[in-house]
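Since this is a predicted model, take the numbers as computed values, not measurements. The analysis underlying the following values was restricted to heavy atoms, covering all of them including side chains, and did not include hydrogens, waters or symmetry mates.
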Amino acid sequence: MILPKFANIKIQFSLKKQNINLFNTLDTTTTILNSVKNTILTESKSIANLIEHITEDFAKATEAILNSKGRLVITGIGKSAIIAQKIVATLNSTGTPSVFLHAAEAVHGDLGMVLPEDVIICISKSGNSPEIKVLVPLLKRFGNTLIGMTADINSFLGKESHYILHAYVESEACPNNLAPTNSTTAQLVLGDALAVALMELRNFKSEDFALYHPGGALGKKLLLRVKDMLDTTHTPQVAPDASIKKVIMEISEKRLGVTAVIDNESIIGIITDGDIRRMLNTNDTFTHLQAKDIMTKNPKNINSSILVSDALSILENNAITQLVVSDEGTYKGILHLHDILKEGIV
């Protein structure tokens with residue numbers, strides 16, 4: 001069959017259009033990836049360059065916060081205010097009591113939250129915004145120590161501050177050099193550096209960190225102890241002379257896949273589902289057997305006061321799923337791997 005002439009033209013046009021769309025897609029993808037890589041590279045260079053602008057003022061500002069009997073108040077406007085809130089959150093969680101004060105709201109009543117012994121950090125890229133020019137003299141009137149975080153040390157904020165955290169950047173990653181990108185990242189990094197320095201000076205440890213993060217998996221990992229989650233209503237146990245039938249019934253009833261073998265209130269062994277299976281593989285009948293004949297002697301034993309995370313390490317290191325819990329020789333129960341998983345610690 002011979003196609004009409006106009007049909008061939010239509011097919012060629014359609015193929016050409018598909019090729020154009022394909023090339024456009026490839027060009028767009030390349031452009032996006034190049035833009036992303038350039039932004040990351042630009043911001044990383046800006047951060048690395050901050051090292052050249054760290055002076056003794058950073059140390060003095062850190063010491064002022066460390067020795068303060070009040071709180072740390074952090075203020076800013078626009079994007080700097082958002083960064084201020086993040087820095088406040090980081091400091092609060094690492095042992096430095098901090099509050100956020102919006103620069104615009106401060107002059108409309110919120111300035112009342114500033115106490116005489118508070119140290120104040122004011123964040124502004126330019127250091128010359130109208131809100132900052134109004135706020136800074138008011139802050140200094142109260143006699144508080146003022147720390148300025150700005151890209152321009154010769155700005156109004158730079159000249160009026162007691163100490164300067166120099167958040168210098170040559171330019172923004174924004175192609176128009178307008179949207180705060182490198183500058184806000186620099187502010188955030190200086191805030192993190194301040195928090196870490198204060199943590200080290202306070203010898204702030206993971207145990208301290210846990211006190212401020214009691215919820216979620218992190219808090220549980222650092223705080224939760226075996227006694228806090230141990231089910232003492234299901235404590236499977238049998239006597240050494242218990243029949244295998246009794247053992248199986250005890251394991252099935254308590255649903256932990258294990259039972260402790262107790263003699264004169266002392267733990268002398270455990271019997272697991274695996275022990276039962278191995279016994280069945282090697283014996284045609286078990287009517288003549290007792291618990292003591294198939295138990296595993298000297299089972300792994302933990303105290304109820306240890307952290308659940310440490311108990312988990314013992315389970316993992318020994319490739320087992322249950323641990324006998326006892327305090328000063330008194331049987332308390334069985335800690336099962338599944339119980340730990342339910343708590344969301346892993």
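- K125 approaches V169 most closely through the heavy-atom pair CE-CG2, 4.5 Å.
- Taking a 6.0 Å sphere around CG of L33, one finds it holds more than 12 heavy atoms contributed by other residues, nucleotides or ligands.
- At a threshold of 4.5 Å between side-chain heavy atoms, the hydrophobic network of Ile, Leu, Val, Met, Phe, Trp and Tyr places F204 and L91 in two separate groups.
- One distance of note links NZ of K246 with OG1 of T259; it measures 8.5 Å at 0.5 Å rounding.
- By the 30° and 60° cut-offs, the orientation of the rings of H53 relative to Y168 is tilted.
- With E172 contributing its side chain and S183 its backbone, the two residues share a donor-acceptor pair below 3.5 Å.
- Under the 4.5 Å side-chain heavy-atom criterion for ILVMFWY residues, no single connected hydrophobic cluster contains both L157 and M149.
- Note that CE of M229 and OG of S304 are 12.5 Å apart. Values are rounded to the nearest 0.5 Å.
- With hydrogens and angles left out, the side-chain atoms of N264 and S266 include no donor and acceptor closer than 3.5 Å.
- A side-chain donor from one of T272 and D275 sits under 3.5 Å from a side-chain acceptor of the other.
- Counting non-hydrogen atoms of neighbouring residues, nucleotides and ligands closer than 6.0 angstrom, the NZ atom of K79 reaches no more than 12 such neighbours.
- Side chains of V136 and L146 form a contact here, defined as non-hydrogen atoms less than 4.5 Å apart.
- A 4.5 Å side-chain heavy-atom check between E316 and L312 finds at least one atom pair inside the cut-off.
- For NZ of K140, the number of neighbouring non-hydrogen atoms (other residues, nucleotides, ligands) closer than 6.0 Å is greater than 12.
- The OH atom of Y163 sits 10.5 Å away from the OG1 atom of T62 when rounded to the nearest 0.5 Å.
- V247 belongs to a hydrophobic cluster whose remaining members, ordered by chain and number, are V238, I244, I248, I251, V261, I268, I271, I276, M279, L280, F286, L289, I294, M295; membership requires side-chain heavy atoms of ILVMFWY residues under 4.5 Å apart, directly or through intermediates.
- Interatomic distance, CD of E63 versus OG of S68, reported as 13.0 Å (0.5 Å rounding).
- The two residues F100 and G76 make their nearest non-hydrogen contact at CE1-N, 4.5 Å.
- At distances below 3.5 Å, at least one donor-acceptor pair connects side-chain atoms of T42 with backbone N or O atoms of N38.
- Checked by atom type and distance alone, the side chain of S44 pairs as donor or acceptor with a backbone atom of L41 at under 3.5 Å.
- In this view, I40 and V36 satisfy the side-chain contact (heavy atoms from CB on, under 4.5 Å) rule, not counting sequence neighbours.
- Of all non-hydrogen atoms in C122 and I132, the two that sit nearest each other are SG-CD1, 3.5 Å.
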Table please: side-chain donor-acceptor pairs of residues 185-199 below 3.5 Å, with sequence neighbours left out.
| from | atom 1 | to | atom 2 | distance (Å) |
| --- | --- | --- | --- | --- |
| T185 | OG1 | E43 | OE1 | 2.6 |
| T185 | OG1 | T181 | O | 2.9 |
| Q187 | NE2 | S80 | OG | 3.3 |
| D192 | OD1 | K86 | NZ | 3.1 |

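- Taking OG1 of T150 as the reference point, atom CZ of F156 lies at 12.0 Å (rounded to 0.5 Å).
- One hydrophobic cluster, built from ILVMFWY side chains closer than 4.5 Å, holds both L66 and I74.
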Requested in this report: Could you check S305 against N303 for side-chain hydrogen bond (donor to acceptor under 3.5 Å, both in side chains), going step by step and ending with a plain yes or no?
Outcome: CA-CA 5 Å; S305 63; N303 189 280; 2.7 Å; yes
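- Residues I147 and I123 are members of one and the same hydrophobic cluster, defined by side-chain heavy-atom contacts under 4.5 angstrom among Ile, Leu, Val, Met, Phe, Trp and Tyr.
- Checked by atom type and distance alone, the side chain of Q237 never pairs as donor or acceptor with a backbone atom of A260 at under 3.5 Å.
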Please list, one pair per line, the donor and acceptor atoms closer than 3.5 Å that link side chains of residues 105-116 to other protein atoms, with sequence neighbours excluded.
none

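- For K37, the side-chain contact (heavy atoms from CB on, under 4.5 Å) test picks out no residue, with sequence neighbours left out.
- Closest non-hydrogen pair, A239 versus A291, comes out as O-CB, 3.5 Å.
- Here the shortest heavy-atom pairing between A61 and L165 reads CB-CD2, 4.1 Å.
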Kindly list each side-chain donor-acceptor pair under 3.5 angstrom involving residues 331-340, sequence neighbours excluded, with atom names and distances?
| from | atom 1 | to | atom 2 | distance (Å) |
| --- | --- | --- | --- | --- |
| Y331 | OH | P236 | O | 2.8 |
| H336 | ND1 | H338 | N | 3.0 |
| D339 | OD2 | H336 | N | 3.3 |

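- Follow the hydrophobic side-chain contacts under 4.5 Å out from I77 and you never reach I82; the two are in separate clusters.
- Checked by atom type and distance alone, the side chain of D152 never pairs as donor or acceptor with a backbone atom of G127 at under 3.5 Å.
- Q290 has its side chain out of reach of P240: every pair of non-hydrogen atoms, C-beta onward, lies at least 4.5 Å apart.
- Taking CD1 of I121 as the start and CG of L101 as the end, the distance is 12.5 Å to the nearest 0.5 Å.
- Side-chain polar atoms of N177 and S171 form no donor-acceptor pair below 3.5 angstrom.
- In terms of heavy-atom proximity, H234 sits nearest to L256 at O-CD1, 3.8 Å.
- No hydrogens or angles considered: nothing links the side chains of T94 and R202 as a donor-acceptor pair under 3.5 Å.
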